[in-house]
Amino acid sequence: MDGSRRALDDLDPDQREVVLAPRGPVCVLAGAGTGKTRAITRRIAHLVTGGHVSAGGVLAVTFTARAAGEMRTRLRALGVPAAQARTFHAAALRQLRYFWPKVVGDEQWELLEGKLRLVGKAANRVGVATEAEMLRDLAGEIEWSKACLVTPEDYPAVAARTSRDIPAPAEQIAKVYRLYEQAKNEARLLDFDDLLLHTAAALESNAEVAAEFRDRYRCFVVDEYQDVTPLQQRVLDAWLGGRDDLTVVGDPNQTIYSFTGASPRPLLEFTRRFPEAAIVRLERDYRSTPEVVSLANRVIGAARDRPAGSRLKLIGQRKPGPAPRFAEFDDEPTEATAVAAAVRQLLESGVSASEIAVLFRVNAQSEVYEQALTEADIPYLVRGGERFFARQEVRQAMNVLRQAASSAPAGDLPGVVRQLLAPLGLTADPPAGGSARGKWESLLGLVELAEELAAMVADADLTQYVAELYQRAEAQHPPTVEGVTLASLHAAKGLEWDAVFLVGLVDGTLPILHADNDEAAIEEERRLLYVGVTRARQHLWLSWALARAAGGRRYRRRSRFLYGLVPDDHPVSRVGGATRPRFGSGSGCGSGEAVKQPHCRVCGDALLGTLPVKLGRCADCPSDIDENLLARLKSWRSEQAKVLKVPVYVVFTDATLVAIAEQRPADQAGLVSISGIGATKLNRFGAAVLSLVAQTATAS
C-alpha cells in the first residue's frame with residue numbers, strides 16, 4: 001500500500017475530509033480529543049507522498065515544544081521526517097540565524113534567556129518598585145505589548161482602551177518598556193519576541209530574503225490557531241507572502257491565553273479572509289468517556305454569546321465509564337488529603353501515576369497537594385518546575401550515553417541503555433522515596449524513551465537514540481516520567497490523563513477574582529474549566545473547600561460554573577450540605593452516601609488516616625505480621641514489576657503487602673476486604689497472592 005493510501009487508514013469521515021482537502025486555504029474546527037494531530041499529520045503525509053508538495057517544502061507550526069515534538073514523531077512514523085514541525089519561536093530562530101548575514105551583515109546577536117535583570121535596571125531608573133513579583137508583572141506587560149505590536153509610545157493609550165489590569169501607572173510602564181528596549185539593543189541582545197519581530201521584518205523589507213524563503217516553503221500548517229497573537233499572525237503573513245496554501249486548526253472553546261495577546265479572531269474570521277476556504281468540523285471525541293464529554297458540553301454550553309464558529313458539540317466515542325464525582329470539604333488540607341487517598345486507590349487499582357493529574361487555577365494551590373502526596377508516599381511531578389533535560393542526573397546520563405555511542409555493544413537498545421545507566425542509580429527496584437526516587441524516575445524515563453524508539457525504528461541503535469535524545473533536549477520534549485502531575489489549568493493545555501482531579505473550584509479562584517468586572521474575562525475562566533474537564537479520559541473529580549486553613553471560617557462558595565452541573569440530588573446541592581461526600585467508592589456523582597467508616601480489627605475503634613485504614617488496625621495496636629510472608633511477597637512483587645515493566649508500587653504498595661502479611665487472607669473475600677484491592681487487582685494478582693499465603697503457612 002502506498003504512503004498516500006496509508007495516510008487514510010483508521011480515519012473517521014471528517015478526519016478523511018481534512019486529509020483529502022485540496023491544497024489551498026483549509027480551516028479545521030477541532031474539538032478537544034477529536035484527533036486533530038492525527039488528521040493534520042496525515043494530511044501532510046498525504047500531500048507529500050501524493051506528490052503535491054515536497055517534504056522540505058512543508059512548515060508546520062504550533063505553540064509548545066511538546067506539541068511540535070509529537071508532530072515530528074508522527075511525521076517520522078508516516079515516512080515524511082523531512083517535513084518541518086516547530087514552534088513559532090523555534091522556526092523564527094532557525095530562519096533568523098540563516099538570514100542574519102544578509103539582513104544585518106555582522107556578528108549575530110545573542111539570545112537573552114531571561115529579561116528580569118534588564119527590566120529591573122529599567123524599573124530602578126524610572127523609580128518603580130523592583131521586587132521580584134513587580135518585575136515579573138512588568139516583564140509580562142512588555143511581552144504582551146510586543147505580542148500585540150504595541151510600541152512604548154502607544155502603550156498608555158492601548159492599556160486604557162483595553163482596560164488592562166496593570167501593576168503600575170501606564171506612563172511608568174511605558175518608560176520601563178522603552179528603557180528595557182534601549183538597554184537590550186545596546187547590548188546586542190534579542191529576546192524571544194524579537195525573534196518573531198526581526199523575522200517578519202526581514203521578510204517584509206528584503207525582497208531577496210523573502211524570495212529565497214518562499215521558494216523553499218510552499219505549504220503551511222498552523223495548529224492551535226485560536227491562540228495566535230497579532231505578532232505571530234504578522235510572521236505567518238510574511239511567510240505566506242500573499243499565497244493561500246495554509247491549513248489552520250483550532251478550537252475557540254479552548255481560547256485561554258488572551259492575557260498574552262492571543263485571540264481566536266483570526267480563526268473565526270478565516271473564511272472572511274479566504275472565502276473559498278474548505279471548512280471541516282471535528283466533533284467525535286476519542287479521548288474521553290461519554291460521561292466526561294457530557295459534562296464538558298454542559299460547561300461550555302452555558303457560555304454567553306458564543307460565536308458561530310465556536311459552537312462545537314463533542315460526541316463521545318468511547319465506552320461508558322464512571323460518572324464525574326463532586327465533593328465539598330471544610331478546608332483545603334482536608335480536600336488535599338482526600339485527593340491523595342483517592343489517588344492511592346487509583347494506583348492500587350492499576351492506574352499508572354503518570355496517568356493521574358491534579359489541576360488547579362493558580363500555582364500557589366500546589367503546595368497543599370505536594371504535602372498531602374508526600375505524606376501518602378505518592379510520587380509526583382510539578383509541571384512548570386525544573387525542566388527534565390536540565391536535571392543533573394539527566395545531563396550526566398546523556399553524557400555517558402553520548403560517550404558510549406561509538407563503542408556500544410550491539411543488541412537490544414533498551415537493555416543497552418539500562419545497562420549504561422545502572423552505575424548512575426537505575427536499580428531494578430525504585431528507592432523508597434525522596435530525591436533518590438526522583439533521580440531513579442528520571443533515568444527510567446530515558447529507558448522508556450529507548451523502548452519507544454526501538455518500537456518505532458527497526459534496528460535502532462545507541463547512536464540514533466542519542467541523536468533523538470539531544471533533539472528532544474533542544475526542543476524541550478521530555479519523556480514521560482512516572483509520578484502524579486501537579487499543574488495549573490493553563491499548563492495542562494494540550495495534555496491528557498486517565499484520571500484528573502480539578503481542585504479548589506471556588507469563586508474568587510475559578511473564576512479568578514480580578515475577572516469579576518469583565519464579562520469576557522469571566523467567559524475565558526469558563527473556557528479554562530472546560531479545558532480542565534476535557535483533559536480527563538475516564539476518571540474525573542471536581543472538588544472545593546469552604547475554608548482555606550484547617551479550622552478556618554467557612555466563608556467560600558463553590559464556583560458559579562458548577563451550578564447546573566452538580567446533580568440536584570447530590571448532598572452538596574441540599575440546603576446546608578448536611579452530608580459531606582468524599583472521594584470514595586460511594587461518592588459518585590449523584591450519590592449522597594458517605595463512605596462507610598472502617599474500624600480497627602484489634603480494638604474496634606474507628607480508623608482515621610490512609611495507613612491505618614489500609615492495615616485494618618490502629619497505628620498503636622499490636623501487629624502480628626508474618627515477616628517470612630512479607631519477604632516472599634516483596635520478591636514476587638519485584639518479579640511482576642519487571643515482567644510488566646512498571647514500578648513495584650503499581651503492582652502493590654508496601655502498605656498493601658504489610659496488610660496481607662498481617663491478615664493472611666485465606667480466600668478472595670478476605671483479600672478484597674483489604675483496602676485498595678479491587679476487582680482489577682484481584683483478577684490480575686489474586687491467585688498468586690493467595691498461593692503465596694498458603695505456601696508460607698504450610699512451610700511454617
Side-chain angles (χ1 to χ4, degrees), residues 15 18 27-45 58-78 80-81 83-94 147 192 195-196 219-229 232-233 235-236 239 246-257 260 262 264 266-267 282 285-287 354 357 359 381 383-384 387-389 449 452 456 468 471-481 485 487-497 527-528 531-532 534-535 537:
Q15 293 170 341
V18 173
C27 179
V28 183
L29 297 171
T34 56
K36 65 180 179 64
T37 304
R38 165 185 279 203
I40 59 177
T41 51
R42 296 289 187 91
R43 172 170 174 77
I44 293 170
V58 177
L59 177 58
V61 289
T62 187
F63 287 80
T64 67
R66 176 178 286 274
E70 176 65 22
M71 290 180 70
R72 286 195 299 271
T73 298
R74 296 198 189 198
L75 289 169
R76 181 174 57 200
L78 290 168
V80 286
Q84 295 288 316
R86 298 179 180 274
T87 64
F88 266 101
H89 288 89
L93 176 60
R94 189 166 187 262
F192 281 96
L195 298 178
L196 302 181
C219 177
F220 299 87
V221 176
V222 183
D223 191 16
E224 304 287 0
Y225 194 52
Q226 79 279 350
D227 291 331
V228 72
T229 66
Q232 289 162 339
Q233 184 63 51
V235 172
L236 180 59
W239 285 343
L246 171 66
T247 299
V248 299
V249 188
D251 178 8
N253 291 333
Q254 297 187 67
T255 302
I256 59 173
Y257 293 110
T260 68
L267 175 64
L282 300 182
D285 187 316
Y286 298 95
R287 174 188 299 162
S354 62
L359 306 181
L381 306 166
R383 187 165 180 81
R387 292 185 173 184
F388 178 84
F389 289 106
L449 181 57
E452 178 184 324
M456 185 178 301
E468 170 74 8
Q471 184 180 26
R472 280 180 173 245
E474 181 181 0
Q476 288 300 326
H477 180 208
T480 299
V481 178
T485 298
S488 70
L489 288 165
H490 283 101
K493 177 73 169 61
L495 304 175
E496 59 187 76
W497 296 269
R527 293 193 295 271
L528 199 54
V531 166
T534 55
R535 299 311 94 195
R537 297 192 191 104

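Predicted model only: the values in this text are computed from it and were never measured.
Closest non-hydrogen pair, Q254 versus G31, comes out as NE2-C, 4.3 Å. Counting all heavy atoms, side chain and backbone alike, T62 lies closest to A68 at CG2-N, 3.4 Å. Between V249 and A30, the closest heavy-atom pair is CG1-CB, 4.0 Å. Considering all non-hydrogen atoms of both residues, A147 and T260 come closest at CB-O, 3.4 Å.
A donor-acceptor pair is defined here as one N or O able to donate and one able to accept, closer than 3.5 Å; such a pair exists between the side chain of T73 and the backbone of G69. At distances below 3.5 Å, not a single donor-acceptor pair connects side-chain atoms of H89 with backbone N or O atoms of L195. In this structure, the side chain of R527 engages the main chain of T255 through a donor-acceptor pair within 3.5 Å. Looking at Q226, its side chain does come within 3.5 Å of a backbone N or O of D251 through a donor-acceptor pair.
If you check the side chains of R74 and T37, you find no donor sitting under 3.5 Å from an acceptor. No side-chain donor from either of Y257 and E224 sits under 3.5 Å from a side-chain acceptor of the other.
Put simply, the side chain of L246 reaches to within 4.5 Å of the side chain of L236, judged on heavy atoms. Inter-residue side-chain proximity for W497 and L359 is flagged as met; some heavy-atom pair is nearer than 4.5 Å.
Going from atom CG of L75 over to atom CD of Q84 covers 10.0 Å, rounded to the nearest 0.5 Å. Atom-to-atom distance recorded for R43:CZ and T247:OG1 is 3.5 Å, nearest 0.5 angstrom. R42 contributes atom CZ, which lies 6.0 Å from atom CG of L78 (distance to the nearest 0.5 angstrom). Between the OG1 atom of T87 and the CD atom of Q232 there is a distance of 9.5 Å, given to the nearest 0.5 Å. Annotation: the span from Y286 atom OH to T34 atom OG1 amounts to 8.5 Å, rounded to 0.5 Å.
In summary, of the residues considered (L528, I256, T64, T534), a side-chain contact (heavy atoms from CB on, under 4.5 Å) with K493 occurs for I256 alone. When the options V228, V28, L29 are evaluated for a side-chain contact (heavy atoms from CB on, under 4.5 Å) with L267, the one that passes is L29.
A salt bridge does not link R72 to E468: none of the charged nitrogens lies less than 4.0 Å from a carboxylate oxygen. Salt-bridge check for E496 with R535: failed, with every basic side-chain N at 4.0 Å or more from each acidic carboxylate O.
Using cut-offs of 30° and 60° on the angle between ring planes, the pair W239 and F88 is parallel.
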Task: Residue pair D223, I40: steps toward the side-chain contact (heavy atoms from CB on, under 4.5 Å) verdict - done: CA-CA 9 Å; D223 191 16; I40 59 177; 4.2 Å; yes
